[in-house]
2 protein chains.
Amino acid sequence: MSTSFAEENYLKIIYRLSESNPNEISTNEVAEMIQTKAASVSDMLRKLSEKGWVNYQKYQGVRLTDKGQKIALSIVRKHRLWEFFLVEKMGFNWDQVHDIAEQLEHIESEELINKLDEFLGFPKVDPHGDPIPNKDGVIPDLGYQLLSDCKPNTTCTLMGVAQDSTVFLQLVTKLDLKLGSKLNLIEINSFDRSISVSIEGQTPVFISHEVAKNILVKII
Amino acid sequence: MSTSFAEENYLKIIYRLSESNPNEISTNEVAEMIQTKAASVSDMLRKLSEKGWVNYQKYQGVRLTDKGQKIALSIVRKHRLWEFFLVEKMGFNWDQVHDIAEQLEHIESEELINKLDEFLGFPKVDPHGDPIPNKDGVIPDLGYQLLSDCKPNTTCTLMGVAQDSTVFLQLVTKLDLKLGSKLNLIEINSFDRSISVSIEGQTPVFISHEVAKNILVKII
DNA sequence: ACAAATTTTTAGACTTGTCTAAATTTTTCT
DNA sequence: AGAAAAATTTAGACAAGTCTAAAAATTTGT
Ligand SMILES: [Mn+2]
Ligand SMILES: [Mn+2]
Ligand SMILES: [Mn+2]
Ligand SMILES: [Mn+2]
């Protein structure tokens, strides 16, 4: 069965929300992520359910079925491979590629995406450190954790970001954070949950909790 | 003003039809090319006209305005650059790329297409010999003519094809015709307008008028 | 010139996906 | 438990783009 752009976007969003929430996803969460009204989401969830791509009980939230998960993973795979292509081959910066990839992820050609994967050298992660599902939908487990979940006195390496929006990535860049940066978490300031971090041994800077919970690190 | 996929497809088709017909394009011609009903075309022409992209008088056919032509050329540019990319970088055959390019031509990013152009080395023609408009919409005039318009005893080189459909290209390949083939037009058979052609000096073969009028050649 | 054939347009319906406003269900709070 | 608040669904409308059937305009043929 073929999928419309709208359906693909819903499945992808439900998948992304499920990554950080093992339970049912609520209508409102989807609405906020997809930038639409809850009424529209209710309607679409009913349709996705009829197609067998989600399990959905009125008022009880939604979950992907195996079929739905498979579709979602193929969209995520395309999105991340195209982002890698845009940065590595087209020379874009990491904060410029998400919106273009939002369009490219809907191009329908299994053969193209596999050839692209090969052309790019089968990359494991996209320019934001997010894992790229392989042809069979298997995602390499990278074992990263959120900077906001680390304890004081932790040393870690910045491995990725949990958001690709231009505003967020430009702020991260302004803070002089990049993939591979060595971070030393000095302390967590209880007042606002901001954290003091030394980047590459420099004098510590403040990073808001909002930012920290979108930074993926590997503890050394 | 932004353009929908449907609008872009209409503008592109009107442009393509105008290439071989300097007069107004009829509703039915558009309908046949775009695989839709004449009623739908009428409706869309009215809308395109309101947006200032075509000149359209009821019952009198349609023409692109300068604005419309500019949009059409940008779609054609994207289509042909992506086709080149698919053949040269992804390793597809020339008969496999048209349908994928039909999707890719709607990706909206001026910056991407210019970077792609550069990445590909500013190609002048696509894999089917069709000229690629440059950034400013200027098309190199290649001075090709249709094989069906040649006189007997002409020697020429196959420079392109006037159609990208898979069925057509596979037939052309089966006939052992490729870009660059040296052709010697022996005679035109008046009964069915088929032509006898020697390819690369081989024993002559028959080529139907239908095929010949989709083959672009340069006379030597 | 004028009837017949052909082309084109209009009218009305349908699908997808969205919205607002109102109704319903669930959750929270006393 | 029961009221109030919050979340969710339903109802009805709308826009884009398509379709069929019918009407209107144009072209063709004698
Ligand atoms: Mn992204
Ligand atoms: Mn990404
Ligand atoms: Mn093509
Ligand atoms: Mn082509």
Side-chain angles (χ1 to χ4, degrees), chain A residues 1-15 17-18 20-21 23-64 68 71-72 75 102-103 105-108, chain B residues 1-15 17-18 21 23-64 68 71-72 75 102-103 105-106 108:
Chain A
M1 203 186 311
S2 99
T3 48
S4 69
F5 282 24
E7 289 168 340
E8 290 184 352
N9 285 334
Y10 275 92
L11 294 175
K12 181 187 59 175
I13 293 299
I14 298 168
Y15 172 80
L17 289 168
S18 302
S20 51
N21 177 352
N23 304 313
E24 274 75 16
I25 306 303
S26 74
T27 301
N28 267 354
E29 285 178 274
V30 175
E32 194 185 339
M33 279 288 273
I34 225 162
Q35 302 265 54
T36 186
K37 300 292 150 134
S40 311
V41 175
S42 278
D43 216 54
M44 182 57 101
L45 295 184
R46 193 180 41 70
K47 290 182 201 160
L48 293 176
S49 170
E50 277 166 16
K51 297 203 175 192
W53 295 332
V54 300
N55 289 320
Y56 168 62
Q57 304 270 77
K58 275 201 282 188
Y59 296 100
Q60 304 304 312
V62 71
R63 250 179 214 279
L64 292 176
I71 298 171
I75 306 300
E102 286 288 303
Q103 301 178 61
E105 72 190 6
H106 302 294
I107 300 294
E108 195 183 308
Chain B
M1 201 183 314
S2 98
T3 47
S4 69
F5 283 23
E7 289 167 341
E8 291 184 351
N9 285 334
Y10 275 93
L11 293 175
K12 182 187 60 175
I13 292 299
I14 297 168
Y15 172 79
L17 289 168
S18 302
N21 177 352
N23 304 313
E24 274 75 16
I25 305 303
S26 74
T27 302
N28 267 356
E29 285 178 275
V30 175
E32 193 185 342
M33 278 290 271
I34 225 163
Q35 301 264 54
T36 186
K37 301 291 150 139
S40 311
V41 175
S42 278
D43 215 54
M44 182 58 100
L45 294 184
R46 192 180 42 69
K47 290 182 201 162
L48 294 177
S49 170
E50 277 167 17
K51 297 203 177 193
W53 295 332
V54 299
N55 290 320
Y56 167 61
Q57 305 269 75
K58 276 200 282 190
Y59 296 100
Q60 304 305 313
V62 72
R63 248 180 216 278
L64 292 177
I71 298 170
I75 306 300
E102 286 289 304
Q103 301 179 61
E105 72 190 6
H106 302 294
E108 194 183 307

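Because the structure is predicted, anything quoted here is derived from the model rather than measured. Protein chains get the first letters and strands the later ones, always in sequence-line order, with residue 1 at the start of each.
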May I have the distance from Met44(A) (atom CE) to dT10(D) (atom C1'), rounded to whole angstrom? 17 Å
Is it the case that the side chain of Ser18(B) and the backbone of Ile14(B) share a donor-acceptor pair, with hydrogens and angles ignored and the cut-off at 3.5 Å? yes
Here's a test of your reading of the structure: between Lys37(A) and Ala38(B), which maps to the more 5' nucleotide of DNA chain C? Ala38(B)
Is the shortest side-chain N to carboxylate O distance from Glu32(B) to Lys37(B) below 4.0 Å? no
So Ala39(B), base contact, sugar-phosphate only, or nothing? Heavy-atom distance under 4.0 Å. base
Short side-chain N/O contact from Tyr10(B) to OP1 or OP2 of dA16(D), under 4.0 Å: no
Rounded to whole Å, CD of Gln35(B) lies from P of dC19(D) at a distance of 10 Å
Looking only at heavy atoms, the pair that brings Tyr10(B) and Thr36(B) closest together is OH-CG2, 3.8 Å
Taking all non-hydrogen atoms of both residues, which atom of Tyr56(A) and which atom of Ser49(A) are closest, and how far apart? CB-CB, 4.0 Å
Which pair of non-hydrogen atoms, one from Thr27(B) and one from Ala38(B), has the smallest distance, and what is that distance? CG2-O, 3.6 Å
What residues 48-56 of chain A contributes to the DNA chain C interface at heavy-atom separation below 4.0 Å is none
Has Gln103(A) got a side-chain atom pairing as donor or acceptor with Glu108(B)'s backbone, closer than 3.5 angstrom? yes
Atom-to-atom span, CG of Asp43(A) to P of dT10(D) - whole angstrom: 9 Å
How would you list, by chain and number, every residue that makes a side chain to side chain donor-acceptor pair (under 3.5 Å) with Glu24(B), sequence neighbours excluded? Arg63(B)
Counted 5' to 3', the first and last nucleotides of DNA chain C within 4.0 Å (strictly under) of a heavy-atom of chain A are dG17(C) to dT26(C)
Under 4.0 Å between any heavy atoms, over every strand shown, what does Ser42(A) touch: base, sugar-phosphate, or nothing? Just pick one. base
Anything under 3.5 Å between a protein N or O and an N or O of nucleotides 25-28 of chain D, put it in a table, one pair a line.
{"unit_1": "dA25(D)", "atom_1": "O4'", "unit_2": "Tyr59(B)", "atom_2": "OH", "d": "3.3"}

Shortest non-hydrogen contact from Ile71(B) to Thr3(B)? CD1-CG2, 4.2 Å
Mind checking what makes salt bridge (charged side-chain N to carboxylate O under 4.0 Å, His left out) contact with Glu29(B), not counting sequence neighbours? none
Between CG of Asn28(A) and C1' of dA6(D) the distance, given in whole Å, is 9 Å
Grab the two heavy atoms, one from Ser2(B) and one from Trp53(B), that are nearest each other, plus how far apart they are. O-CH2, 4.0 Å
Mind jotting down which residue pairs meet the salt bridge (Lys or Arg N to Asp or Glu O under 4.0 Å) criterion with at least one end in residues 45-61 of chain B? Sequence neighbours excluded, please. Glu7(B)-Lys51(B), Asp43(B)-Arg46(B), Asp43(B)-Lys47(B), Arg46(B)-Glu50(B)
